[in-house]
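Note on naming: letters A, B, ... go to the chains in the order of the sequence lines (proteins, then strands), and numbering restarts at 1 for each one.
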Number of protein chains: 2
Amino acid sequence: MPNPASAPVTVNGRSYRRIDRPLVVVCVDGCEPDYITQAIEAGVAPYLRTMCERGTSLLGDCVVPSFTNPNNLSIVTGAPPAVHGICGNYFYDPVRREEVMMNDARYLRAETILAALSRAGASVAVVTAKDKLRALLGEGMRGICFSAEKADRATLAENGIGDVLARVGKPLPSVYSADLSEFVFAAGVELLAHERPDVMYLSTTDYIQHKHAPGTPRANAFYAMMSGYLERLDALGAVVALTADHGMNAKTDAAGRPQIVFLQDWFDAALGSGKVRVILPITDPYVVHHGSLGSFATCYLADTTRTDELRARLAQLPGVETVLTRADAAARFELPADRLGDLIVISERLVVLGTTPSRHDLTALDAPLRSHGGLSEQQVPLLFNVPLADVPNGRRWRNFDIFDLALNRTR
Amino acid sequence: MPNPASAPVTVNGRSYRRIDRPLVVVCVDGCEPDYITQAIEAGVAPYLRTMCERGTSLLGDCVVPSFTNPNNLSIVTGAPPAVHGICGNYFYDPVRREEVMMNDARYLRAETILAALSRAGASVAVVTAKDKLRALLGEGMRGICFSAEKADRATLAENGIGDVLARVGKPLPSVYSADLSEFVFAAGVELLAHERPDVMYLSTTDYIQHKHAPGTPRANAFYAMMSGYLERLDALGAVVALTADHGMNAKTDAAGRPQIVFLQDWFDAALGSGKVRVILPITDPYVVHHGSLGSFATCYLADTTRTDELRARLAQLPGVETVLTRADAAARFELPADRLGDLIVISERLVVLGTTPSRHDLTALDAPLRSHGGLSEQQVPLLFNVPLADVPNGRRWRNFDIFDLALNRTR
């Protein structure tokens, strides 16, 4: 008789079986696939090489806009933003008529796989780098859920675990550091060794990826660090499944100067001041490493009678890759139409979108700008430390297939 | 009274003035802008940093297909392939009904700026890395024109210069080496010092760029070498203008495995064998470093009644970015329609197009595949060692604006 605790769990129309080993899903923020390739080539990430050789490697597409919140929520719900509702880090709430961070669980429209598994009796743990994701990822979930950023404040009552700094054996990391991500991995190893959750979700920060290109010394050091922790998770018996929320590209000319299309200025010049509200969904409280500059913007027009004309004119701007109406963007990228502006603008690979120069502080940038948000950052790794069964060829994989692949296709 | 030898020269509808200093235009094969940015960041390319600080840096778009021959010919004609006719390294000649290299000057439909300047009395010199470009670049031109690959065979009668190895002071380089490009720069310095041509065009090979990512040690060593030679050209009094024929991207998953859509196999499965001829215009005699795998293909259909249906189906294939009809591709990319197939396929940033596995020898690849050909490799640097005057903002620059920028906008 099958153990009812091991019966498949259905979430957002997809069914997930339980496996007899712990599963650790890792979302490596900003993990352009070449970071892994180059670290392996440099010989500094032997366990990543082992994963590639013995396990399974696929390329997948992330959600566009290729930002952190929409993709983390897609990964943990197994569904696109049209289903879960989180379409940016930041958005214009048309009900409240205000621009707000999209960190609050009230914006979440779907249950997470983590919540469903915990309800079905699985033990679940979540560790995020930045605290901004904690509430969304932990929504409805019983178990352990805390951020490295606020690890010192985690309590048994609130986070399912206390005394985290002592248990992990590391000081509280700076929010702008590679240490913030290392703390996530170190906490994952500690939890797997001593709590052994059935399912664990680890989500890092892209502080390093915003500053350092694949294969350069600091990037390689990050992936060497990660390789070591993943090896320990493997040694503790886990299925390790790795993906990314988005890729990362240089957004500069050869001289390292940011290439920016200032959309608010463009609209103000075209229509007069204040006729269009430009929203940059990359915006979050942690802007030092990207100055709120990404490759995706959504624009609310006071007068929508000229939407088509403006769409055509914007599409001609140098640096702009594509401009879509709300309906077309919602259909193409599976986004919630009620949380999009009238026009969606995506810039080219080496170009970002801004509002107006005074609203982007680039003085804190200490390296040539690298960022994401567009179609050019859509391809991400899907990497498993085990062979997968019945993986069809010629299918388009998504980063949010990772729980399906890890739970339903491991032998 | 103006010196008639200094009167502007008009070529392909554009006018070029003469300047009172030597001009050296450098086409750095496969120079993704980040190669320069990262070499500067690493501190190994001080003169490139100086160029960025004291001169002018722009981003420009190259010609799509982002391959060597179409772009070198666009640079030296100041015009797109619709004007000069060279739309690939390799193509299907519908008149001769054969697949041939597009190296022969009989395929060239426009005069080069170099030829026009030499006819107007300027002294002109061209040095290419690979010999495949020499005939096209030198067509109609009086002056010096030779390749590093066959530098040992250059003669005064044929190439306008003899005894090249002794003059440059280097042995004949291997065609698969960074030395091949270094020879081009060394020859450029030798020519500028002792022949002082009014205009010089130097074109390198992307052997390093196909193997090494921006910022990695071998790539940085290449740009350090280049930085040193450009500094010597500057010290000899030249205006130095640098661009690229195309960018470069990884074409693999995180494990470093090439991501290939095999189009001939797909057509054969869809329509039966032999109904479609797939041409990969990256094909050339030097395939060791890319296995003839790029991100652009052109396809000749025996039966064109199903073109629209096949276009739609191909566009759905994972890894395919866009599929255009001949007419649409000719219009969008300014290509000669009579030298295109019925369908043009462009793959995504990390994906290349092949015919069938047996026709791509990947055994010689000793590093994860990096390649080009698509839209994702369109952005290239435009870098000058002098400030430019009257450079309008918000314009789309092309790599083939470089002679215009260097001759008409230097102060």
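- Comparing A/Gly60, A/Pro217, A/Ser57 by how many heavy-atom pairs each has under 4.5 Å with chain B, the most go to A/Ser57.
- In terms of heavy-atom proximity, A/Ala254 sits nearest to B/Ile40 at O-CD1, 4.3 Å.
- Considering OG1 of A/Thr252 and CG of B/Asp34, their distance stands at 6.0 Å, rounded to 0.5 Å.
- Of the listed residues B/Leu58, B/Thr216, B/Leu350, the one with more heavy-atom pairs under 4.5 angstrom with chain A than any other is B/Leu350.
- Heavy-atom pairs under 4.5 Å with chain A were tallied for B/Leu59, B/Leu242, B/Leu383; the largest tally goes to B/Leu59.
- Counting heavy atoms from C-beta on, the side chains of B/Pro33 and A/Asp253 never come closer than 4.5 Å.
- Between the CD atom of B/Glu348 and the CD atom of A/Gln378 there is a distance of 7.0 Å, given to the nearest 0.5 Å.
- Most heavy-atom pairs under 4.5 Å with chain A: of the set B/Leu48, B/Ile36, B/Asp61, this distinction falls to B/Ile36.
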For residues 259-266 of chain B, which side-chain N or O atoms pair as donor and acceptor with protein atoms under 3.5 Å away, sequence neighbours left out?
residue: B/Gln259; atom: NE2; partner: B/Arg257; partner atom: O; Å: 3.0
residue: B/Gln264; atom: OE1; partner: B/Val278; partner atom: N; Å: 3.3
residue: B/Gln264; atom: NE2; partner: B/Asp268; partner atom: OD1; Å: 3.1
residue: B/Gln264; atom: NE2; partner: B/Val276; partner atom: O; Å: 2.8
residue: B/Asp265; atom: OD1; partner: B/Thr356; partner atom: OG1; Å: 2.6
residue: B/Asp265; atom: OD2; partner: B/Thr356; partner atom: OG1; Å: 3.2

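- The side-chain contact (heavy atoms from CB on, under 4.5 Å) search around A/Asp401 returns A/Arg14, A/Arg395, A/Trp397, A/Arg398, A/Leu405, not counting sequence neighbours.
- Taking every heavy atom of both residues into account, B/Gly394 and A/Pro318 meet most closely at O-CG, 3.2 Å.
- In terms of non-hydrogen atom pairs under 4.5 Å with chain A, the most contact-rich of B/Ala250, B/Gly247, B/Pro381, B/Pro368 is B/Pro368.
- To the nearest 0.5 Å, atom CG of residue A/Asn249 and atom OG of residue B/Ser376 are 9.5 Å apart.
- The side-chain heavy atoms of B/Val351 and A/Gln379, taken from C-beta on, include a pair separated by under 4.5 Å.
- Residues A/Thr37 and B/Gly256 approach most closely at CG2-CA, 3.7 Å, considering heavy atoms.
- Within 6.0 Å of atom CZ in A/Arg396, more than 12 heavy atoms from other residues, nucleotides or ligands are found, so the atom counts as buried in its surroundings.
- Expressed to the nearest 0.5 Å, how far CD of A/Glu32 lies from CZ of B/Arg349 amounts to 4.0 Å.
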